[in-house]
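Taking it in order: structure first as structure tokens, then the write-up.
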Amino acid sequence: MIKTKFKLVGTRPLRPDGVDKVTGRARFGADISAPGMLHALILRSPHAHARIKSIDTSRAEKLPGVKAVVTRDDFKLPEREDLVDICRNVMAREKALYDGHAVAAVAAVSKTVAREALKRIQVEYQVLPHVTDVDAAMKPRAPILHKGMRTIGAEPAAKKDSNVAQIHTFGHGDVVKGFAKADIIIERSFKTEATHQGYIEPHACLATYGADDRADLWCCTQGHYMVRNACAGLLGMEVSHLRVTASEIGGGFGGKTTVFIEPVALALSRKAGKPVKLVMSRDEVFRASGPTSSSSTDVKIGITKKGKITAAQAILRYQGGAFPGSPVQFGAMTGFAPYDLENVHTVGYDVVANRPKQAAYRAPGAPLAAFAIESVIDELAHKIGMDPLEFRLKNAAREGTKSSYGPTFGPIGLEATLKESKKHPHHLAPLGPNQGRGVACGFWFNFGGQTSVSLNIGEDGTVSVVEGNPDIGGSRASMCLMAAEELGVPYEKVRTVIADTASLGYNEVTDGSRVTFAVGMATIKAARQAIAIMCERAAKIWDIPAEAVVWEDGCAKPAGSNAGNFKPMTLAEIAGSAGSTGGPISGHSEATADGAGVSFATHMVDVEVDPDTGKVTVLRYTVFQDAGKAIHPAYVEGQFQGGAAQGVGWAINEEYIYGEDGRLQNPGFLDYRIPVASDLPMIDTVILEIPNPGHPYGVRGVGETSIVPPLAAIANAVSEAAGVRLTHLPMSPPRVLKAMMENGKGAA
Amino acid sequence: MTKTAVSTTINGDAAEFLCETGETLLDVLRDRLDLTGSKEGCGTGDCGACSVMLDGRLVCSCLVLGVEAQGRAVETIEGMAEGETLHPLQQKFLEHAALQCGVCTPGFLVAAKALLEVNDDPSESQVRYWLAGNLCRCTGYDKIVRAVLDTAKDMRSARA
Amino acid sequence: MVKVVLWGSLKKAAGGQTEVEVEAKNVREVLDRLKETYPKLSADIDRGVSVSIDGVIFRDAWFAPIKPESEVYLLPRLAGG
């Protein structure tokens, strides 16, 4: 049964880690040091694609103050198949596969010495032809990154090496028949450029590896258990011999869900016998962490004159960097998810190219597909003169709809977000000249996963919640709220801490919008277990059966007059005598959280396009999203706003620009421009709450869906304002101006 | 490497340190003085996470050399609260949930304090342009701007 | 018997069908039977899959119960950001 009446959940208390974070006291990845610590730096390939013929580190090793140098020779290819590409990405082996690929690393007594040592490492490269564009990488004569890579899922079976790692197909019905029934068909092609998650904190870690083969690692990550398992695998360690502590994390958005520098720091520390600190520069973050895919997509949708979709099809090609594993299958699954479709077919191509291996970025793969598909949806609505919201409502997925990826939807909130948008003042506000309004829908699965929580009742009646997921956006506050709600104690009585990998059972990464859902569920279960124990203790004290005791308002009470007439015992009273009534009281939950609820959003945005320059200004933005239940509404709004703002950057500013030489030309925040405060308006939010039956409070995840609609919503707004359909992101001034000029629009 | 001795004032207290001449003020603060509240997000003056006040002027400490602090007064995030009492901006950032990950927060607070010292009644636009040198990737700036405007309002009425 | 719907890419490995029937009462049995009946599916299943039961997606839940009338979809393994 889903709880619907709350005392604390839904309020906005101050976050428990807040004072640390406004005073500079909070410790992020680069904020700690160890006695005798060395500083490490990584030498990176300047070539997009090159055979590494030799690496001579002898001159670096001879430099006074250099304590260790590592190269490919220090990393054995792991047996675990899922770690092989990670190993190859962490340190290049036969070939450097992208500009920025790590080739060697040094640890020295100071950064100055380490810098000098890097200069003394001689690498002999044989430069090879490279390819960075997704369509070019798919061409028959493209330079091949991986000898022996054959396309999985190709029909007929692939006989030649290819940069296409895998083909994924989804869908149901018969699109040929569906298109035959259509009165209007629109077919368009779209491109998007790669972006970076743009977390403000670069990757950083401190590794301490002992002569006893035990190691400690401090790092900023979305998942320290993942770091532990990956590093242990890469270094040939037993997982229990590596303890990983997660620092406070300065943003991740999916980009800190794998390892880059952590295994290198450990290998250096092992070799040097001293603690090693390794911090990426911003340049390295851009060149050598995990940006998004770039993409090329063809969409074809057919409708009747009355606006009913008869068939929908998309072919998506995602370049995911130097190793297989772009999120194209998620694009192919999610793009049409907002619609109730009889005939739908999607194909996704997972393509490798000479770029850093992509990492997740909020709802990985989904925004690119939504951009292409929601653009065509918008165009179709305009073509038949129907309000785009009305058009979407007419075709919207609802409870009982067979989703575009197969399963039948349970209760979902898409329709609620659309109806709410229709009646919102934003929808009715007038627009000025050169202005346009765009809407788009977005979908993300969300998930649960393996989660451990311990909840300890202190002898003075305070409570500590011990969880294992780095707090990336206020999740400690949500855990405190849920624990306090269950236990019936004030929010301030609960403290939530993030345990290291040795102190708590396994936890999956802080991703998939899973934390408030899965860790929240575990917290609630742990609290309920602690309550059951406290009721037993009260029952013992009163000498009545445990079943005759209930928990209400933070107290154990007799269930009724039959049970006896006893004064309720508060949590603090029970906790105070715990030592005499049976010992410490704790609740636990160690489980794989199932039952995550999917989430939908509708975004509405107004823009103005400068006809002289093509510059796009975002004037107004409103997010409508189903949260299931907002535990701490301020941080739910924050997720909505942050996703929208990142979407604005993706849509109009941000792109990885590669030169002819295959080198990244803009690895810095000056030339890779993420939105700043003066680029944005206030971002209004409307939280819908359609409970997820899979969570005791109805929680769905909220972190990822918010980045799915903005690319399309903004493209639809810009297209209206510019009078021409924009099909290539980002819609930077030159691109917008060019599109306008080619179509006889614009001032010039 | 020869180091230079520098005498300076940090958050009102006299401080002395030795540093290489090429070291940034940010590195000195973080690595030599253990004042890690100022963050390095870029090292090129683009993100504002290392914002400090130098003789009353807002600067990116990654663009200032440590030796340039000689004889000058540096104010960092660590000096913003007075003992147990948070600065009104710090309090409002918490009340407005104006931080998610919190890594940009020290820089924003130092920059916002500098704004309110020169303009106690900024418009939304003025706040947005003043803070345009500070990058936040989590919040979309909405709650940050509101927190600054709300602080300004409270500070004005407290004076009135 | 339980009807299991495969995603498009798996059609070939399952002998040209996207709907197959297996005798199973939980996720693990579904996966085991599929691998036994269609050995070519083993590679995809071992790379990691999710299973949707009546609209709820499970990633790692061998013993999630499946009833004969359950709607069961095999999906790629989900990941997030």
Side-chain angles (χ1 to χ4, degrees), chain A residues 12 14-15 17-28 30-33 110-112 197-202 248-253 279 281-283 471-474 621 632 634-635 637-646 648 668-670 674-680 682-684, chain B residues 1 20 22-23 27 30-31 34-47 49 76-78 80-81 86-87 89-91 93-107 109 124-125 127-146:
Chain A
R12 301 171 178 237
L14 304 192
R15 62 192 287 167
D17 54 334
V19 170
D20 282 354
K21 285 180 177 162
V22 298
T23 55
R25 203 163 68 200
R27 297 282 185 167
F28 290 84
D31 292 346
I32 70 161
S33 303
S110 72
K111 287 186 218 169
T112 312
Q197 298 83 356
Y199 34 82
I200 306 302
E201 181 200 28
E248 293 303 324
I249 174 170
F253 317 108
V279 181
S281 66
R282 180 55 56 181
D283 173 280
D471 179 351
I472 205 160
Y621 206 111
H632 191 306
Y635 290 105
E637 291 163 4
Q639 290 295 320
F640 291 4
Q641 291 164 335
Q646 289 181 321
V648 169
F669 278 137
L670 187 63
I674 73 173
V676 301
S678 53
D679 292 332
L680 295 171
M682 292 298 185
I683 296 166
D684 294 329
Chain B
M1 182 111 11
E20 294 171 16
E23 254 178 88
D27 282 345
R30 291 178 53 81
D31 299 343
D34 286 332
L35 294 171
T36 54
S38 306
K39 308 299 178 191
E40 178 166 321
C42 67
T44 50
D46 299 314
C47 78
T76 71
I77 184 66
E78 285 88 352
M80 198 157 166
L86 294 180
H87 184 278
L89 273 166
Q90 291 172 312
Q91 187 62 33
F93 265 56
L94 295 180
E95 287 169 13
H96 282 265
L99 52 142
Q100 283 175 35
C101 80
V103 80
C104 70
T105 309
L109 286 166
E124 183 191 327
S125 263
V127 172
R128 288 186 179 278
Y129 277 90
W130 183 277
L131 295 177
N134 291 77
L135 299 181
C136 168
R137 192 59 156 174
C138 294
T139 65
Y141 304 102
D142 183 297
K143 294 181 190 301
I144 293 176
V145 173
R146 287 179 201 276

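Just so it is clear, the values below take in all heavy atoms, side chains as well, and ignore hydrogens, waters and symmetry mates. Just so we're on the same page: letters track the sequence lines, and every chain starts at 1.
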### Message
Go through it in stages, so that I can follow the logic: the residues are A/Thr112 and B/Glu20, the test is side chain to side chain contact (heavy atoms under 4.5 Å, CB included), and I'd like the CA-CA distance, side-chain angles, deciding distance and then a yes or no.
### Response
CA-CA 9 Å; A/Thr112 312; B/Glu20 294 171 16; 2.8 Å; yes
For B/Cys47 and A/Phe669, the nearest pair of non-hydrogen atoms, with its separation, is CB-CD1, 4.2 Å
Residues B/Gly41 and A/Pro202: closest non-hydrogen pair is O-CG, 3.9 Å
All heavy atoms of B/Arg137 vs all of A/Tyr199, minimum pair found to be CG-N, 4.3 Å
Honestly, the part of B/Leu109 sitting under 4.5 Å from a heavy atom of chain A is side chain
Smallest heavy-atom separation, A/Gly24 atom then B/Pro106 atom, equals CA-CG, 4.5 Å
Whatever's closer than 4.5 Å to a heavy atom in chain A on B/Asp34 counts as neither
Ranking A/Ala634, A/Gly198, A/Gly18, A/Gly668 by heavy-atom pairs under 4.5 Å to chain B gives rank one to A/Gly198
From the list B/Ile77, B/Val145, B/Asp31, B/Val127, the residue making the most non-hydrogen contacts under 4.5 Å with chain A is B/Ile77
Comparing A/Gly251, A/Ala26, A/Gly638, A/Gly474 against chain B, the one with the most heavy-atom pairs below 4.5 Å turns out to be A/Gly638
On a heavy-atom basis, the closest approach of B/Phe93 and A/Val22 is CB-CG1, 4.3 Å
Under 4.5 Å to a heavy atom of chain B? For A/Ile249 that would be backbone
Interface check, chain B: of A/Asp17, A/Ile683, A/Asp684, most non-hydrogen pairs under 4.5 Å belong to A/Ile683
Nearest heavy-atom contact between A/Phe28 and B/Gly102 is CZ-C, 3.7 Å
Pair count under 4.5 Å, heavy atoms only, with chain A: among B/Ile144, B/Thr105, B/Thr139, highest is B/Thr139
Output for pair (B/Cys104 SG, A/Glu201 CD), nearest 0.5 Å, gives 11.5 Å
Max heavy-atom pairs within cutoff under 4.5 Å with chain B, candidates A/Lys111, A/Gln641, A/Lys21, A/Gln646, goes to A/Gln641
Looking only at A/Ala644, A/Ala645, A/Gly252, A/Gly642, the option with the highest number of non-hydrogen pairs under 4.5 Å against chain B is A/Gly642
Cut-off 4.5 Å, heavy atoms of chain B, and the answer for A/Val19 is both
Pair count under 4.5 Å, heavy atoms only, with chain A: among B/Glu95, B/Glu124, B/Glu23, B/Glu78, highest is B/Glu124
If one checks every heavy atom of B/Ala49 against chain A at 4.5 Å, the contacting part turns out to be side chain
Heaviest contributor of heavy-atom pairs below 4.5 Å to chain A, chosen from B/His96, B/Arg146, B/Glu40, B/His87, is B/Arg146
Ignoring hydrogens and geometry, is there a side-chain-to-backbone donor-acceptor pair from A/Arg15 to B/Leu99 under 3.5 Å?
yes
Walk me through it: do B/Gln91 and A/Leu14 pass the test side chain to side chain contact (heavy atoms under 4.5 Å, CB included)?
CA-CA 9 Å; B/Gln91 187 62 33; A/Leu14 304 192; 3.8 Å; yes
Turns out that what part of A/Arg25 lies under 4.5 Å from chain B's heavy atoms comes down to neither
When rounded to the nearest 0.5 Å, the distance separating CD of B/Gln100 from CD1 of A/Ile472 is 9.5 Å
ask   = Given the rule in the side chain to side chain contact (heavy atoms under 4.5 Å, CB included) test, do A/Thr23 and B/Met80 qualify, once you have shown the distances and angles that lead to the verdict?
value = CA-CA 7 Å; A/Thr23 55; B/Met80 198 157 166; over 6 Å; no
Max heavy-atom pairs within cutoff under 4.5 Å with chain A, candidates B/Gly37, B/Gly43, B/Gly140, goes to B/Gly140
| NZ/NE/NH1/NH2 to OD/OE distance under 4.0 Å, A/Arg282 and B/Asp46 | no
Among A/Ser110, A/Ala30, A/Ser281, A/Gly473, the residue with the most heavy-atom pairs under 4.5 Å to chain B is A/Gly473
Note to self: Closer than 4.0 angstrom, basic N to acidic O: yes or no for A/Asp679 and B/Arg128?
What the structure shows: no
Rounded to the nearest 0.5 Å, the CG atom of A/Asp283 sits from the SG atom of B/Cys42 at a distance of 11.5 Å
_Verdict with reasoning, B/Asp142 to A/Glu637, per side chain to side chain contact (heavy atoms under 4.5 Å, CB included)_ = CA-CA 10 Å; B/Asp142 183 297; A/Glu637 291 163 4; over 6 Å; no
Heavy-atom side-chain contact between B/Cys138 and A/Phe253 under 4.5 Å
yes
One should read off an interatomic distance between B/Leu135 CG and A/Ile674 CD1, to the nearest 0.5 angstrom, of 4.5 Å
Applying a strict 4.5 Å limit to non-hydrogen atoms, the region of A/Gln639 in contact with chain B is both
